[in-house]
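Here the structure comes first, spelled out in structure tokens, and everything after it is commentary.
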Amino acid sequence: MNEFARLFSIERNLFQRFVIVYKYIRFCNSEPIVKGILQKIFDDTAKVMGEPEENMNEDKFLNVKGKAIFSQEFWIYYNNLETIYGKMTKIKDCRLKDKKEFGSLCNLFSKPYSKQMLELSFKVVNSEVFDRLDQECFFCCDDKEDKTYFDAKKSILYIKGSKIEINKQEKITNAHKILKYIFIDNKDNLTDDFFYSEIAEDEFGELDYKSRKNNWRKYTRTCEVINEKINKEHKHIKQFLKFNSGIKGKLKVNKKYL
């Protein structure tokens with residue numbers, strides 16, 4: 001949205017300025033996030049304009065009146081741009097055969113201050129949309145950036161904001177399976193010890209784990225692979241998984257990363 005405003009400010013050709021406005025409003029009408037924010041601004045405006053004024057004390061009246069004035073001003077600036085969009089839509093449909101339509105558009109914005117007025121319109125609309133977007137991002141944020149978790153669908157491990165891709169192809173790896181077992185299947189018990197025998201049976205379907213000699217090596221090696229992959233991408237993260245060897249071997253997540 002800022003790029004449209006920048007292009008408009010440096011464009012000298014009048015027709016191209018109108019084209020930029022046309023593309024800007026088309027973007028606002030088609031981009032789901034922006035469209036949703038504009039709808040909320042509209043809804044808020046409707047609420048403010050519909051406030052009953054009877055039985056109001058002076059402070060409440062001034063507060064509602066102030067909101068109404070701001071809301072009206074926003075839509076005046078937005079309407080400047082939308083008016084151009086509407087006329088440019090007609091011009092596009094008739095492929096400029098109707099010269100009167102373009103002439104009326106030029107006359108409408110032919111004042112010495114018209115360019116500055118439209119630049120201000122861009123600024124007001126962008127500012128309000130971005131403010132609303134920042135607020136939504138803050139209120140919708142679930143603070144996951146400070147948490148350690150595993151996104152099994154994307155096979156991505158997040159360690160307090162650090163991102164590590166586990167599967168880079170569609171093939172499900174042993175590393176993916178172990179992290180899924182820890183963070184998805186046992187998400188309420190992340191501080192527990194996880195025995196290889198339990199992982200083998202529950203996640204790998206190996207019912208004969210204890211009868212297979214040296215089978216535990218697969219799990220220690222997978223833990224090594226996970227730690228190496230993490231440390232390679234993020235040098236400050238060391239020994240993410242703590243583990244040992246042997247038929248009774250087990251692993252656990254290093255508490256400093258939880």
Side-chain angles (χ1 to χ4, degrees), residues 1-53 56 60-142 144 153-154:
M1 292 176 72
N2 280 336
E3 180 63 10
F4 285 116
R6 187 190 71 82
L7 290 173
F8 181 88
S9 67
I10 63 175
E11 181 58 59
R12 294 187 178 184
N13 181 275
L14 183 61
F15 184 80
Q16 284 303 317
R17 285 181 191 163
F18 292 152
V19 170
I20 291 169
V21 174
Y22 169 82
K23 291 181 178 179
Y24 175 80
I25 295 296
R26 185 179 63 182
F27 173 82
C28 291
N29 290 338
S30 60
E31 166 57 44
I33 295 176
V34 178
K35 188 176 180 181
I37 289 174
L38 289 173
Q39 182 62 51
K40 287 183 180 180
I41 296 174
F42 177 83
D43 293 341
D44 290 346
T45 302
K47 288 178 184 177
V48 170
M49 299 304 290
E51 285 275 1
E53 295 184 3
M56 283 189 180
K60 187 174 182 182
F61 173 78
L62 290 174
N63 186 41
V64 171
K65 200 70 176 176
K67 289 181 180 178
I69 290 171
F70 170 77
S71 298
Q72 287 176 319
E73 285 183 347
F74 173 85
W75 289 112
I76 287 171
Y77 287 117
Y78 185 83
N79 189 61
N80 289 336
L81 303 172
E82 195 168 44
T83 297
I84 294 174
Y85 171 79
K87 289 187 175 295
M88 287 298 287
T89 300
K90 292 180 180 179
I91 290 171
K92 184 176 174 61
D93 290 340
C94 72
R95 304 188 68 83
L96 209 57
K97 291 179 181 178
D98 186 353
K99 303 294 184 181
K100 291 182 180 179
E101 192 70 47
F102 182 64
S104 68
L105 181 59
C106 292
N107 290 333
L108 189 60
F109 295 97
S110 61
K111 302 294 184 182
Y113 54 79
S114 293
K115 182 174 183 289
Q116 288 81 1
M117 179 186 67
L118 292 174
E119 286 178 335
L120 182 58
S121 297
F122 273 108
K123 187 173 182 179
V124 169
V125 174
N126 283 359
S127 177
E128 182 63 14
V129 169
F130 293 152
D131 282 349
R132 297 262 183 153
L133 184 59
D134 288 342
Q135 292 169 16
E136 286 193 14
C137 288
F138 175 76
F139 292 126
C140 293
C141 177
D142 57 5
K144 275 194 169 182
K153 289 184 178 179
K154 297 180 180 178

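Taking CD1 of Ile76 as the reference point, atom CE of Met117 lies at 11.0 Å (rounded to 0.5 Å). Between Leu118 atom CG and Phe8 atom CZ the span is 4.5 Å, to the nearest 0.5 Å.
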N/O donor-acceptor pairs under 3.5 Å from side chains in residues 79-86, not counting sequence neighbours:
| residue | atom | partner | partner atom | Å |
| --- | --- | --- | --- | --- |
| Asn80 | ND2 | Ser121 | OG | 3.2 |
| Thr83 | OG1 | Asn79 | O | 2.8 |

Return a table of donor-acceptor pairs under 3.5 angstrom between the side chains of residues 22-33 and protein atoms on other chains or two or more places apart.
| residue | atom | partner | partner atom | Å |
| --- | --- | --- | --- | --- |
| Tyr24 | OH | Asn126 | OD1 | 2.5 |
| Asn29 | ND2 | Ile25 | O | 3.3 |
| Ser30 | OG | Arg26 | O | 2.9 |
| Ser30 | OG | Phe27 | O | 3.3 |
| Glu31 | OE2 | Ile33 | N | 3.3 |

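In this structure Tyr77 satisfies the ring-ring contact (aromatic ring centres under 6.0 Å, His included) test with no other residue, sequence neighbours excluded. Lys35 pairs by the side chain to side chain donor-acceptor pair (under 3.5 Å) definition with nothing, not counting sequence neighbours. Judged as a salt bridge (charged side-chain N to carboxylate O under 4.0 Å, His left out), and not counting sequence neighbours, Lys154 has no contacts.
Identified under the side chain to side chain donor-acceptor pair (under 3.5 Å) test for residues 3-17, with sequence neighbours left out: Glu3-Arg6. Contacts classified as salt bridge (Lys or Arg N to Asp or Glu O under 4.0 Å) and involving residues 102-118 (residues at least two apart or in different chains) are given here: Lys115-Glu119.
Taking all atoms of both residues into account, the shortest heavy-atom contact from Ile41 to Trp75 is CG2-CZ2, 3.7 Å.
The aromatic rings of Phe74 and Tyr78 lie parallel to each other, their planes meeting at an angle below 30°, with 60° marking the opposite boundary.
Side-chain contact between Cys106 and Phe18: present, with at least one pair of heavy atoms (C-beta onward) separated by less than 4.5 Å.
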